[in-house]
Engineer: 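I'd like to ask you about the structure that follows.
Computation of the quantities below employed the complete heavy-atom set of this structure, encompassing side-chain atoms and omitting hydrogens, waters and symmetry-equivalent molecules.
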Amino acid sequence: MEPALRELWAESRDLLGLPSSSQDATAVPRVSLPPTPLAFLRDHVSPGRPLLVSAAATRHWPAASLWPTASYLTDALRSTAVSLHLTPDGRADALASHPHPRRPGSSRCFASAHVRRVDFPTAVRLIRGSDPAAGLVAYAQQQDDCLRGEYAAVAGDVDAHVPWATEALGCLPEAVNLWIGNAHSVTSFHKDHYDNIYVVLSGEKHFLLLPPTEHHRLYVRDYPAARYVATEQSSEGGRQLRLKLEMEVPERIVPWSSVDPCPASPEELAVQASSFPLYFDGPAPIRCTVRAGEMLYLPSMWFHHVSQSPGPNGLTIAVNYWYDMQFDIKYAYFNFLRSLEINGCSSGKPDASEGDLEEKKD
């Protein structure tokens, strides 16, 4: 079965005009001007092919010139309370070491951020000052249509929707979200049931992409859910926020990718490569950097891992438009594909190799 899967990976990339060799990891198709709705539907939505659009697409947005400045958003949102997501290491909605490692079962869990309501200037101060060495990384990543909710005061600085995408997809976006972070926030491999138009306005976003046909390469398995909780402790400088991971009660199970594509050391890379060979011994993920002003179209069900670099204002700022996906025959194909168990690569409980991985990392 594995040779057939590898042939599927190569053929699907070839049909999409995307690289399939281990060395050639370039090139999401790029256009200098926004496509027509017909071209976008024909060449990208229907086949499920990403697209990068140059900054010409956002040149008319007030946000393109205003948001990268040091003070505009802080002044505009000075009295606004926003939801700030806090983790010790910048990895929210990601796997973490289980807080009770002697318990039977997995030595890892799915960790969600601690969410705290703060005024926007405080949020920006905490984001700019984020540091894993201090055990606190802040990221504004509320994913509930927050631009039209919490951040409504500045929502008019961007288009309410992407006209050529709206016409091609036949609907308005279900949600428009604002993301503000710094270099320490990383989003682990996952997929969304939305067609996504992702727009960077300050700094850069660095994407690793895998098409839905490569589901088995990510070793999606079931993990118990946990959440960071905050306590305040006295220190020489006053009160300091500390985060502690606690398991959710009652237990909640989350299917999630087991693969860390960017291990921190050669030793960790060796363990990852041994534990998850279909990822590390396969076509390189497609790399795409989205710079300020640019738009990335990410088709629904594509797996993506995201890191970021801040702009001159010390922040990475982005807006994304989520358009509800069409549950068509491609969705049925994907469900059939992921139902196949290939060398323990279907969704299910973590196996012993993952326990070994955590022991070696510790």
Engineer: Parallel, tilted or perpendicular, judged at 30° and 60°: which one describes the rings of H215 and F334?
Structural biologist: perpendicular
Engineer: With the side chain counted from C-beta on, respond yes when E246 and R227 share a heavy-atom pair under 4.5 Å apart, and no when they do not.
Structural biologist: no
Engineer: How are the rings of W322 and W179 set to each other: parallel, tilted or perpendicular (split at 30° and 60°)?
Structural biologist: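 Perpendicular, since the angle between the ring planes exceeds 60°.
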Engineer: Nearest heavy-atom pair of P68 and A63: which atoms, and what distance?
Structural biologist: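 Taking every non-hydrogen atom into account, CD-O, 3.4 Å.
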Engineer: Determine the sole option in T74, T80, D75 for which the side chain to side chain donor-acceptor pair (under 3.5 Å) test with R78 is passed.
Structural biologist: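 Going through T74, T80, D75 one by one, the side chain to side chain donor-acceptor pair (under 3.5 Å) with R78 is satisfied by D75 alone.
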Engineer: Could you state the interatomic distance from CZ (R59) to OG (S54), rounded to the nearest 0.5 Å?
Structural biologist: 6.0 Å
Engineer: Using only atom types and a distance under 3.5 Å, with no angle test, would you say the side chain of K330 pairs donor to acceptor with the backbone of S46?
Structural biologist: yes
Engineer: Under the side chain to side chain contact (heavy atoms under 4.5 Å, CB included) criterion, do L218 and F303 qualify, and how do the steps go?
Structural biologist: CA-CA 9 Å; L218 293 177; F303 293 95; 3.3 Å; yes
Engineer: Would you please indicate yes or no on a ring centroid separation below 6.0 angstrom for Y223 and W256?
Structural biologist: no
Engineer: Closest approach of L95 and S258, non-hydrogen atoms and distance?
Structural biologist: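 Minimum heavy-atom separation between L95 and S258: CD1-CA, 3.9 Å.
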Engineer: First locate atom CZ of F276, then atom CG of D281, and finally report the distance between them rounded to the nearest 0.5 Å.
Structural biologist: 14.5 Å
Engineer: Check the pair R116, H114 against side chain to side chain contact (heavy atoms under 4.5 Å, CB included), reporting the backbone distance first and the verdict last.
Structural biologist: CA-CA 7 Å; R116 176 165 288 207; H114 172 71; 3.6 Å; yes
Engineer: Would you say CD of E204 has more than 12 non-hydrogen atoms from neighbouring residues, nucleotides or ligands within 6.0 angstrom?
Structural biologist: yes
Engineer: Quick one: do the R117 and S83 side chains pair a donor with an acceptor below 3.5 Å?
Structural biologist: yes
Engineer: Nearest 0.5 Å, what's the CG-NE2 distance between D324 and H193?
Structural biologist: 10.0 Å
Engineer: Hey, could you give me the CG/CG distance between N177 and N320, rounded to the nearest 0.5 Å?
Structural biologist: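 Here the interatomic distance stands at 5.0 Å.
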Engineer: Going from CD1 on I286 to CG on L208, what distance comes out if it is rounded to the nearest 0.5 angstrom?
Structural biologist: 10.0 Å
Engineer: Quick one: are Y219 and S257 in side-chain contact, heavy atoms under 4.5 Å?
Structural biologist: no
Engineer: Let me confirm one number: the CZ-CD distance from R6 to E214, rounded to the nearest 0.5 Å.
Structural biologist: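 With rounding to 0.5 Å, CZ (R6) is 10.0 Å from CD (E214).
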Engineer: Give the cluster check for L241 versus V137: same hydrophobic cluster or not, with ILVMFWY residues linked at side-chain heavy-atom distances below 4.5 Å.
Structural biologist: no
Engineer: Should D157 and W67 count as side-chain neighbours, where that means a heavy-atom distance under 4.5 Å?
Structural biologist: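 They are in contact (side-chain heavy atoms under 4.5 Å apart), so the answer is yes.
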Engineer: Can you say whether the rings of Y297 and H44 are parallel (under 30°), tilted (30 to 60°) or perpendicular (over 60°)?
Structural biologist: perpendicular
Engineer: Between R287 and H206, is a side chain to side chain contact (heavy atoms under 4.5 Å, CB included) present by the stated rule, with each step listed?
Structural biologist: CA-CA 7 Å; R287 296 179 182 271; H206 312 289; over 6 Å; no
Engineer: Do you know which two heavy atoms are closest between T289 and R30, and how far apart they sit?
Structural biologist: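 T289 and R30 have their closest heavy atoms at O-NH2, 4.5 Å.
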Engineer: Is there side-chain contact between Q142 and V115, with heavy atoms separated by less than 4.5 Å?
Structural biologist: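 Yes. Closest side-chain heavy atoms under 4.5 Å.
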Engineer: Please check if the side chain of H100 supplies one atom and the backbone of H98 the other of a donor-acceptor pair under 3.5 Å.
Structural biologist: no
Engineer: Return yes when atom CZ of F336 has more than 12 non-hydrogen atoms of other residues, nucleotides or ligands closer than 6.0 Å, and no otherwise.
Structural biologist: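 No, not enclosed.
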Engineer: Could you tell me whether the side chain of T87 and the main chain of A113 form a donor-acceptor pair under 3.5 Å?
Structural biologist: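 Checking the backbone N and O of A113 against the side chain of T87, no donor-acceptor pair under 3.5 Å is found.
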Engineer: Could you report the tightest heavy-atom contact between K205 and V200, atom names first, then the distance?
Structural biologist: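 Scanning both residues, the minimum pair turns out to be CG-CG2, 3.4 Å.
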Engineer: Test of understanding: clusters of I, L, V, M, F, W, Y form through side-chain heavy atoms closer than 4.5 Å, transitively. Do I197 and V45 belong to the same one?
Structural biologist: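 The answer is yes; both residues are in one hydrophobic cluster.
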Engineer: If you count every heavy atom of other residues, nucleotides or ligands that lies below 6.0 Å from Q143 atom CD, does the total exceed 12?
Structural biologist: yes
Engineer: Which pair of non-hydrogen atoms, one from A138 and one from I127, has the smallest distance, and what is that distance?
Structural biologist: O-CG1, 3.6 Å
Engineer: Using a 4.5 Å cut-off on heavy atoms from C-beta on, say whether the side chain of V124 contacts that of L77.
Structural biologist: no
Engineer: Can S300 and Y323 be said to form a side chain to side chain donor-acceptor pair (under 3.5 Å), step by step?
Structural biologist: CA-CA 9 Å; S300 57; Y323 289 86; over 6 Å; no
Engineer: Evaluate side chain to side chain contact (heavy atoms under 4.5 Å, CB included) for E294 paired with V199, printing each intermediate quantity in order.
Structural biologist: CA-CA 6 Å; E294 295 179 338; V199 188; over 6 Å; no
Engineer: Give a yes or no on whether the backbone of L315 and the side-chain of S202 come within a donor-acceptor separation of less than 3.5 Å.
Structural biologist: yes
Engineer: Are C109 and M247 side-chain neighbours, meaning at least one heavy-atom pair lies under 4.5 Å?
Structural biologist: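 They are in side-chain contact.
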Engineer: Between L337 and L8, what is the shortest heavy-atom contact and its length?
Structural biologist: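 The pair with the smallest heavy-atom distance is CD1-CD2, 4.0 Å.
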Engineer: Say whether, by atom type as modelled, one donor and one acceptor occur between the side chain of R242 and the main chain of G135 under 3.5 angstrom.
Structural biologist: no
Engineer: Find out whether F189 and R217 are in side-chain contact, i.e. whether some heavy atom of one side chain is under 4.5 Å from a heavy atom of the other.
Structural biologist: no
Engineer: Within the side chain of Q240, is there an N or O that forms a donor-acceptor pair under 3.5 Å with the backbone of E232?
Structural biologist: no
Engineer: Do the side chain of S12 and the main chain of W9 share a donor and acceptor less than 3.5 angstrom apart?
Structural biologist: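 Flag set: sc S12 to bb W9 pair under 3.5 Å.
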Engineer: State whether a side-chain donor-acceptor pair under 3.5 Å links S130 with H184.
Structural biologist: no
Engineer: Can you tell me if E268 uses its side chain to pair, donor with acceptor, with the backbone of S265 under 3.5 Å?
Structural biologist: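 Checking the backbone N and O of S265 against the side chain of E268, no donor-acceptor pair under 3.5 Å is found.
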